[in-house]
Protein chains: 2
Amino acid sequence: MSDSGIKNMEQFAAISGISRPTVSKYFNDPDSVRRSSRERIEAAIDKYNYRPNIYAMNQNRAMTKNIGIVVPLLSDTYFAEIARNLEQHCIDAGYRPTMFSSHGDPKFEVEILDNLRSLKPAGVLIAPLGRASDRDVLEKFCEDVPTIIFDSKVGDIGIEFVGSDNMQFARDITDYLCRSGEPPCFFEMKTPANPNAHRRRQSYLDAMAAFGFEPQVISIEGEGWAFEEIGFRGANDALARKLFSTNTILCSNDRLAIGFLTACYENGLSVGRSEGDAIRVAGQDGHRLTRYTCPPLTTVSHNYEAVSLQAAKALFAAIDGQENPWKSTRIEGKLILRASA
Amino acid sequence: MSDSGIKNMEQFAAISGISRPTVSKYFNDPDSVRRSSRERIEAAIDKYNYRPNIYAMNQNRAMTKNIGIVVPLLSDTYFAEIARNLEQHCIDAGYRPTMFSSHGDPKFEVEILDNLRSLKPAGVLIAPLGRASDRDVLEKFCEDVPTIIFDSKVGDIGIEFVGSDNMQFARDITDYLCRSGEPPCFFEMKTPANPNAHRRRQSYLDAMAAFGFEPQVISIEGEGWAFEEIGFRGANDALARKLFSTNTILCSNDRLAIGFLTACYENGLSVGRSEGDAIRVAGQDGHRLTRYTCPPLTTVSHNYEAVSLQAAKALFAAIDGQENPWKSTRIEGKLILRASA
DNA sequence: ATAAATATTTTACGCGCGTAAAATATATGG
DNA sequence: CCATATATTTTACGCGCGTAAAATATTTAT
């Protein structure tokens, strides 16, 4: 019960006693052939376990069922989670998703886009690197292939943009922190990889201004994607230098916050919102593990499901030929109150 | 500067003034054509930005440069990390790796293997689901495609097996824990997804016997891959029922340990090896974030680099035609002492 | 039962490229 | 400058499959 010598559809059709094109039709839609043909083909499949070559199939197809999903870094849990969601939606809708990671490198991003053309995808869902992306290449790609941009907006290209409302994230959590204790200092990377970081900072500044509080932004050094380590070092340094003017820290993202918590722990600072606690720490993103930090981290979670569903549906609609005007959707996150703040 | 109407190598060759097969040769090895031809081709590439279709290329190639990398779950950081390593080795060696995730589902694993045949890979690196895998399908696949099995051994199939020495992991850390304090209880899932869990338990039992200590295994309920949650609930339950006979817990893996730490925190148990601490907790795997738990987690880390390098090299050798007898390599992990134990 | 309408299968060609074998161009030796 | 050896390029065909258009089978109407 495996590939018993049958190497292609030609041979398979021969032993089935049916012409190859009919077999081809069967694989594209089993109901498109006569019942008798179908039964003979299925009997042969059971017997020889034949499967058509998916790449050859797509070679001369008018429209493939392929969908490319591209994210900056699959090892980042946020992207892994959203990519996983998108993948599932594609599968449920009968598409064949393939995932690609740019590894945080614009060169890879361009290469992936080039390779994607070979796949002849019906559509593509991409979270661009952001400011590091080769904008011209991206734009040209969007002209040629139905593409949804998600997470980081890059101009008004593609079918539409879907992402989280990062300004709302920072606004809501700043608001909460201001009302429940000392106003927060904002803790971020000086040169963030993702453009959303800038929106969060700006929104923090706006929210603080609305409250009439003096904002304080601590921008730490660090390159790359090892955010926990960067946050840990930055926090150690900032704590040693007593840089924080209040006892409340809002981190630009959860991974920085995780590093921050570790620094607090090692400096003997008890984190939390209770009487005896020395410092409050909050993050943003709704990272999987924030429920399991010590203490559990207060954060604003992306609405992963809504973002991925909106992006997927928009792509499917475009593939189905619907011509909608370009639009940008930013979905609200949800404040998750835990012990850390 | 993008695809300016040129849709295939035929057209590209025409405007370059060179025959298509020569262009084909160029893309397979730029030095295999006359310098003058090469220059004309490269000028045309600059001008029209043409790239051959990678899937059509592989259609009738004697040997592709494709390598498939298959893991049970890309969202698990251990697999994400090892897959990332493997991917890099493949790229460095001039291969084209493609990553696949079985999503913990044997059906997907079989489907991936089917699709992989369409890719005509030069070789495959796969971490099977383990006991859930369809063994017959796997075995048949290994007969047809040069395959290295890593992480979980399934029979003696494939070119060779490379994994971590899980028995050494549990032995060494049990040894350490016994020497540095009370002997550990073993905390694990009752029905682990990965067969290595059984090796770790057995090795714990052996090590305890060697010391003459009474072993204690706490096997908790829980299905799926949400290990932190499973560990958290199991720990809460076990702590409430005072199931642990000593103050030291060795978790079967780091993700369970992360959940365990959270349970300790919420139960007011201070974790660590200092005088005033109530409990010691250790994990196994060397999960990325164990450095940033509170307290940082003592664990045994996989030698990711050695495992992935050995697996990749073995595959490359097999692809190059070297006929080595089947072998199994288990690479030692490294004890990482931190504050939790 | 027969002609017309409809469903299904075949024929014939194409997709984008690799690759042996044949043809041609360049290099080497005298 | 010509013959032979060698480096390159072309010719011709194949890979595994999709898809219009033509051919055939089946169903429906009369």
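Computation of the quantities below employed the complete heavy-atom set of this structure, encompassing side-chain atoms and omitting hydrogens, waters and symmetry-equivalent molecules. Lettering follows sequence order; numbering is per chain, from 1.
Checking Ala56(B) against Thr22(B), the closest nucleotide of DNA chain D that is more toward the 5' end is the one next to Thr22(B). Between Pro21(A) and Gln59(A), the one whose closest nucleotide on DNA chain C sits nearer the 5' end is Pro21(A).
Summarising the geometry, the separation between CZ on Arg20(A) and C1' on dA12(C) is reported as 11 Å, rounded to the nearest angstrom. One atom, CG of Asn53(A), and another, P of dG16(D), lie 8 Å apart when rounded to the nearest Å. One can place CZ of Arg35(A) at 12 Å from P of dT27(D), the figure rounded to the nearest angstrom. Between the P atom of dT8(C) and the CZ atom of Arg38(A) lies a distance of 12 Å, rounded to the nearest Å. If you take CZ of Arg34(A) and P of dT24(D), they are 14 Å apart, rounded to a whole angstrom. The interatomic distance linking Asp29(A) (CG) with dT9(C) (C1') rounds to 15 Å, in whole Å. In this entry the distance linking CG of Asn60(A) with P of dG14(C) reads 10 Å, nearest Å. In this structure, Asn66(A) places its CG atom 15 Å from P of dC17(D), rounding to the nearest Å.
Within the 4.0 Å cut-off from OP1 or OP2 of dG16(C), at least one side-chain nitrogen or oxygen of Asn8(B) is found. The shortest distance between the side-chain N/O atoms of Tyr55(B) and the OP1/OP2 oxygens of dG18(C) is not below 4.0 Å. Tyr26(A) has no side-chain polar atom (N or O) that falls below the 4.0 Å cut-off from OP1 or OP2 of dG18(D). For the pair Ser24(A) and dC17(D), the criterion of a side-chain N or O lying under 4.0 Å from OP1 or OP2 is not met. Taking only side-chain nitrogens and oxygens, Asn58(A) never comes nearer than 4.0 Å to OP1 or OP2 of dG18(D). OP1 or OP2 of dC17(D) has not a single side-chain nitrogen or oxygen of Lys25(A) nearer than 4.0 Å. Between Asn28(B) and dG18(C), a side-chain N or O to OP1/OP2 separation shorter than 4.0 Å is present.
Ion pairing between Asp144(A) and Lys140(A) holds under the 4.0 Å rule for side-chain N and carboxylate O. Lys107(A) has no carboxylate O lying under 4.0 Å from a charged side-chain N of Glu111(A), or vice versa, which leaves the two without a salt bridge.
Arg84(B) is listed as a side-chain neighbour of His103(A), based on a closest heavy-atom distance under 4.5 Å.
Aromatic ring centroids of Tyr50(B) and Phe27(B) lie under 6.0 Å apart. In this structure, the ring of Phe316(B) has its center less than 6.0 angstrom from the ring center of Tyr95(B).
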